[in-house]
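All remarks here apply to the structure that follows.
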Amino acid sequence: MDKRPESMARINTPALAQAFIAEQIEAIRAQVGDKRVLLALSGGVDSSVVAALLIRAIGKQLVCVHVNHGLLRKGEPEQVVQVFRNEMGAELIYVDAVDRFLDKLSGVADPERKRKIIGKEFIDVFAEEAKKLSGIAFLAQGTIYPDILESVGLKSHHNVGGLPEDLQFELVEPVKYLYKDEVRQVGLALGLPESMVYRQPFPGPGLGVRCVGAITRDRLEAVRESDAILREEFAKNGLQGKVWQYFTIVPDFTSTGICDGKRTDAWPVVIRAVNSVDATSATIEEIPYALLHHITARITSEVKGVNRVLYDLTPKAPATIEWE
Ligand code: XMP
């Protein structure tokens, strides 16, 4: 196993983060010379920190590809373009692949098949973009130390298939010996926005696994809009950065409600807010009732097709964190 050097100090201050950045800039320049480097930039913490480091080190020799598969949270694709292209001046290819993903997922209810389709389609889209580029010699990746420690962990397990054989590049993995908190320190020192650096864990298949069963566009929008309200309210009420993971789920059944004196037939939104250390077990965050009432009122009035809000009180185990 690729081991973190024992002499490496824990990066827990801005000064240590700056020293790490200076070291890595030299190392990256020495490794890649004047060649071009490709990076799949999802907008998650790890790939964002790698992008920011590489932009500092090699500027336009880095080519970032952001694939919008339609399963990202509200505002995320826009933020990736704003931060990396507009503010940091990165070479960024934005691929709108929303229709392509949603068409492939149409009618597919099995969770593992959904994950496989999303993973495969992602590799296909990324490979197609890579083939259009010339002179790429390196592939940058946001591998972090826990990914190496649990080599059967989530990233390798769920998310990344391999690139095709004609697209094999030497890897650039500048944060591979860092733990998550260290990656965050480095991200802050690189000037990334806090909303990006302190992002909660987000599954590779994105909102796709929270739109339970076969994904439809309108139910997916209900997931995205209710998630945005939950995140906004958690941020306003001091829970962002305190609660480990929180999100909404929209199951694929409806129930009866009432609106303006007429019966409705609409979906429920389920709120999940959990604390965990490593995702193998999780406990429930006790959200104050007043806040739950407020979030319920907002979701039922602002999100189309929803007439009910539920709060999932089940720890892991027996439940998993996600619903599928
Ligand atoms: P579960 O639902 O198994 O989730 O308790 C544990 C943690 O893993 C995340 N998760 C995923 N992450 N690809 C990922 O990268 C996936 O397919 C996937 N499924 C679940 C989940 O959000 C939680 O943090």
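Source: prediction; values computed, not measured. Here, residue 1 is the first one in the sequence, and each next residue gets the next number. Numbering of ligands and ligand atoms starts at 1, following listing order.
Taking each of Ala319, Pro203, Gly208 in turn, the one with a heavy atom nearest to atom 18 (C) of ligand 1 proves to be Pro203.
Considering backbone and side-chain N/O of Ile321, one or more are found under 3.5 Å from N/O of ligand 1. Of the N or O atoms in Arg210, none lie within a sub-3.5 Å distance of an N or O in ligand 1. In terms of polar-atom proximity, Lys316 is counted as a contact of ligand 1, with an N or O under 3.5 Å from an N or O of the ligand. Ligand 1 has an N or O atom lying under 3.5 Å from an N or O atom of Gly204, backbone or side chain.
Distances below 4.0 Å separate heavy atoms of Ala279 from the following atoms of ligand 1: 6 (C), 7 (C). Close contacts of ligand 1 with Thr320, meaning ligand atoms under 4.0 Å from a residue heavy atom, involve 1 (P), 2 (O), 5 (O). Those atoms of ligand 1 that come under 4.0 Å of a heavy atom in Arg115, given as number and element, are 16 (C), 17 (O), 18 (C), 19 (N), 20 (C).
Every residue was checked against the ring pair (Phe, Tyr, Trp, His ring centres under 6.0 Å) condition with Phe126, not counting sequence neighbours, and none meets it. For Arg217, the side-chain contact (heavy atoms from CB on, under 4.5 Å) criterion is met by Asp99, Leu102, Asp103, not counting sequence neighbours.
At most 12 heavy atoms of other shown residues, nucleotides or ligands fall within 6.0 angstrom of atom CZ in Arg113.
Remark: Asp227 does not engage Lys74 in a salt bridge, criterion side-chain N to carboxylate O under 4.0 Å.
Transitive grouping of hydrophobic side chains (ILVMFWY, heavy atoms separated by less than 4.5 Å) keeps Ile249 and Phe253 in distinct clusters.
At a threshold of 4.5 Å between non-hydrogen side-chain atoms, the residues Val63 and Arg36 count as touching.
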